[in-house]
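Working notes, beginning with the structure itself.
Counting starts at 1 for both ligands and their atoms, in listed order.
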Amino acid sequence: MAYTLVIHGGAGKITPAMMNTELEQQYHIALSLALAAGQEVLKNGGSAMDAVVAAIVELENEPLFNAGRGAVFTKKGLNEMDAAVMDGSNLMAGAVAGVRNIRNPIKLAREIMLHSGHVFLSGNGAAEFALNRGVEFAPDEYFFNKQRYDQWVEIRDSDFYQLDHKDDNLKGAEPNPDHKFGTVGAVAMDEQGNLAAGTSTGGMTNKRFGRIGDSPVIGAGTYANNNTCAISCTGHGEYFLRAVVAHDVSCLMEYKGLSLQEACNTVIKDKLVKMGGEGGLIAVDAKGNYDMCFNSAGMYRGMRNSEGKENIAWYES
Ligand code: ASP
């Protein structure tokens, strides 16, 4: 029986000028390890959901990415994380927003799906639930990352308010300092033909206290439905929220009969571009077709399937 796993480590201005051989190697290893963790689950007949969580845990533990350990700093100099999972076989979902000191927010999202009686918990309530469920916490030092910190220090005090932003809804929004997003995500189809999606992020550098992006919002940054596809997004969350990107792709397949690739292209390369939204997504459908689609300069991404196919890349191909 067939399986497919696709992962991403964020989209954005990823160009040869900002890379070197050593860094490329680090990204390659990190993406390979995450693919291996998810594949281990899938090749042993495990569920798409377990594979998605296993792959994302690896990416959250890797400081190269803006999730878990590598989460960026907020305006207050803190790390506030968002994550979500969705199971396409039963449309169950779990999401968490604005949590601090949770070692693997993706595991908390799955706990919320399975044991909270709710879909979405935030802040202190999510932390209390995590404590009750024995979810692992980590101290502030665990999340401290010199490079992220320096990126944040560079912009935290400058007057970055763009009061003349061309998009009224983003008046007062801050630009993304390096146009790199770094969120992580995974989508999978397992041997039973079930789909699952997950996304985890530290959000946007210097984000306001309490800001929540698209990643944990079911239908915006994360969505899975066996009838259509599983999607995990990365990019400027404010646009992805308003374009309801992940569910939009699913709807184009369900109601308009578009193929996975046509639906992804329509939303990422047409609708989002017209709105001015930068980013991308990974997607898989119930036949194991997959797509890794972005309108930014690059997206860290990788895939493996049961036919032995592997593809790891970050620039446009
Ligand atoms: N979409 C995420 C957010 O806006 C950022 C990212 O993809 O890196 O929070």
Side-chain angles (χ1 to χ4, degrees), residues 6-14 27 30-31 56 59-60 62-75 78-85 95-100 105-106 109 120 122 145 147-148 151-152 167 169-170 173-187 197-223 231-249 267-268 272 275-283 292-301 314:
V6 192
I7 61 171
H8 73 75
K13 205 173 171 198
I14 304 161
Y27 275 107
L31 291 166
I56 291 179
L59 296 166
E60 285 180 335
E62 169 53 67
L64 281 175
F65 303 108
N66 169 22
R69 187 167 198 180
V72 296
F73 289 88
T74 66
K75 205 181 254 307
L78 306 172
N79 310 104
E80 288 179 6
M81 300 169 287
D82 305 334
V85 290
V96 61
V99 280
R100 301 192 51 213
I106 201 71
F120 205 166
S122 70
N145 178 305
Q147 198 201 343
R148 301 270 187 232
Q151 276 170 1
W152 170 67
D167 184 333
N169 202 186
L170 294 182
E174 311 212 0
N176 193 30
D178 54 2
H179 287 275
K180 240 167 84 229
F181 300 103
T183 289
V184 306
V187 295
T199 312
S200 180
T201 188
M204 308 269 286
T205 301
N206 216 29
K207 67 185 180 183
R208 280 180 202 276
F209 181 44
R211 180 267 188 187
I212 299 169
D214 61 308
S215 310
V217 176
I218 300 302
T222 307
Y223 189 72
I231 304 275
S232 170
C233 299
T234 174
H236 194 153
E238 277 64 17
Y239 291 95
F240 280 67
L241 279 164
R242 292 188 291 150
V244 205
V245 169
H247 191 242
D248 221 30
V249 172
V267 179
I268 296 294
L272 258 189
M275 287 175 76
E278 184 187 354
L281 59 75
I282 50 169
M292 309 191 272
C293 179
F294 50 96
N295 64 30
S296 43
M299 180 169 80
Y300 296 108
R301 59 198 188 279
W314 33 87

| message | Can you name the atoms of ligand 1, numbered from 1 with element, that are less than 4.0 Å from a heavy atom of G203? | response | 9 (O)
| query | Under a 4.5 Å cut-off applied to non-hydrogen side-chain atoms, are Y239 and E278 in contact? | reply | no
| Atoms of ligand 1, numbered as shown, that sit under 4.0 Å from any heavy atom of T234 | 6 (C), 7 (O), 8 (O)
| With a 4.5 Å limit on heavy-atom distance, are the side chains of F73 and N79 in contact? | yes
| task | Say whether G182 and ligand 1 are in contact under the criterion: heavy-atom distance to a ligand atom below 4.0 Å. | result | yes
| Qualifying residue for side chain to side chain contact (heavy atoms under 4.5 Å, CB included) with P216, from T222, T199, D82, V96 | D82
| task | Please check if any side-chain donor atom of E60 sits under 3.5 Å from a side-chain acceptor atom of S200, or the reverse. | result | yes
| request: Give a yes/no verdict on whether any heavy atom in G221 is under 4.0 Å from an atom of ligand 1. | output: no
| Taking C-beta and beyond as the side chain, do L272 and F240 meet within less than 4.5 Å on heavy atoms? | yes
| said: Heavy atoms only: which of T199, D214, V217 lies closest to atom 1 (N) of ligand 1? | reply: D214
| request: Check ligand 1 against S215 and write out every atom of the ligand that is under 4.0 Å from a heavy-atom position of the residue. | output: 1 (N), 2 (C)
| task | Give yes or no for whether the N/O distance cutoff of 3.5 Å, strictly under, is met between G237 and ligand 1. | result | yes
| Which atoms of ligand 1 are found less than 4.0 Å from any heavy atom of M204? | 4 (O)
| request: Please determine if T201 has a nitrogen or oxygen closer than 3.5 Å to a nitrogen or oxygen of ligand 1. | output: no
| message | If the threshold is 4.0 Å, N to carboxylate O, is there a salt bridge linking E238 and K207? | response | no
| said: So R301 and F294, do their side chains get closer than 4.5 Å, heavy atoms only? | reply: yes
| field | Location of contacts on R211 toward ligand 1, heavy atoms closer than 4.0 Å | value | side chain
